[in-house]
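Before any comments, here is the structure.
The analysis underlying the following values was restricted to heavy atoms, covering all of them including side chains, and did not include hydrogens, waters or symmetry mates. Only a predicted model underlies this, so the values are computations on that prediction, with no experimental measurement involved.
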Amino acid sequence: GINAEYMGVTPWGLYQGCKKCFLYFATILAVGIIPANAAMPNLTVLMIMNDPYLMHKDGDVNSGYEGFSVDLLKLLEEELGVMMTIKVVDSYGRYEESSGKWTGMVGELADGSADMA
């Protein structure tokens with residue numbers, strides 16, 4: 001895994017009051033996020049079911065996932081020395097003017113309940 005010093009996460013693309021929306025992926029790949037002496041973290045990765053990127057194995061909802069995105073996550077886990085858990089969401093999300101919050105994938109990233117998308 002990558003044993004780079006923690007460099008922080010760089011904000012990217014702030015939009016319509018979403019002050020906590022960040023693009024983690026580029027920073028993780030560029031410098032790593034895991035200090036050399038840290039325990040292996042488990043990152044939550046948001047995805048939307050979309051063939052051929054994320055599909056149920058053999059079409060069975062109880063058999064796990066497969067697809068290009070799953071293959072990429074496996075490679076990232078090995079390279080970065082982290083564990084990643086896929087969480088499937090229904091939408092990319094939208095900004096709700098009435099509440100001042102995002103929904104869907106963007107909302108979960110903004111509120112901190114997921115690490116990557």
Side-chain angles (χ1 to χ4, degrees):
I2 295 174
N3 289 323
E5 290 185 33
Y6 178 73
M7 301 297 287
V9 176
T10 304
W12 184 81
L14 298 180
Y15 179 68
Q16 289 190 6
C18 182
K19 295 180 175 79
K20 291 171 61 179
C21 297
F22 303 111
L23 178 64
Y24 295 100
F25 195 70
T27 302
I28 289 170
L29 288 178
V31 299
I33 60 167
I34 314 304
N37 59 352
M40 183 186 306
N42 186 353
L43 302 175
T44 300
V45 181
L46 302 174
M47 294 188 184
I48 291 178
M49 296 298 282
N50 185 14
D51 295 357
Y53 304 100
L54 183 66
M55 308 169 285
H56 291 290
K57 285 184 184 176
D58 302 319
D60 180 3
V61 296
N62 297 314
S63 63
Y65 302 110
E66 63 184 354
F68 295 142
S69 295
V70 176
D71 295 342
L72 178 61
L73 284 185
K74 288 177 185 176
L75 291 171
L76 285 172
E77 283 179 327
E78 290 175 23
E79 184 64 30
L80 299 176
V82 298
M83 293 177 60
M84 296 185 183
T85 302
I86 295 171
K87 180 178 179 186
V88 178
V89 294
D90 294 332
S91 72
Y92 292 107
R94 66 174 205 224
Y95 185 72
E96 296 285 343
E97 298 254 352
S98 60
S99 67
K101 295 183 179 182
W102 284 85
T103 63
M105 187 181 284
V106 176
E108 292 201 34
L109 286 171
D111 72 18
S113 61
D115 302 296
M116 292 173 55

Could you list the donor-acceptor pairs under 3.5 angstrom formed by side chains in residues 48-62, with sequence neighbours left out?
{"unit_1": "Asp60", "atom_1": "OD1", "unit_2": "Asn62", "atom_2": "N", "d": "3.1"}

Practice task
State whether the side chain of Thr44 and the backbone N or O of Asp115 hold a donor-acceptor pair below 3.5 Å, judged by distance alone.
Solution key: no
Exercise for the section: Can you sort out the partners of Lys87 under salt bridge (charged side-chain N to carboxylate O under 4.0 Å, His left out), two or more places apart, ordered by chain and number? Expected result: Glu108
Handout entry: From CD (Glu77) to CG (Leu72), nearest 0.5 Å
Key = 10.5 Å
Handout entry: Cluster link Phe68 to Leu73, ILVMFWY, side chain under 4.5 Å
Key = no
Problem - Atom pair CE (Met84) and NZ (Lys74), whose distance is rounded to the nearest 0.5 Å - result: 13.0 Å
Problem - All side-chain hydrogen bond (donor to acceptor under 3.5 Å, both in side chains) counterparts of Thr85, not counting sequence neighbours - result: Asn42
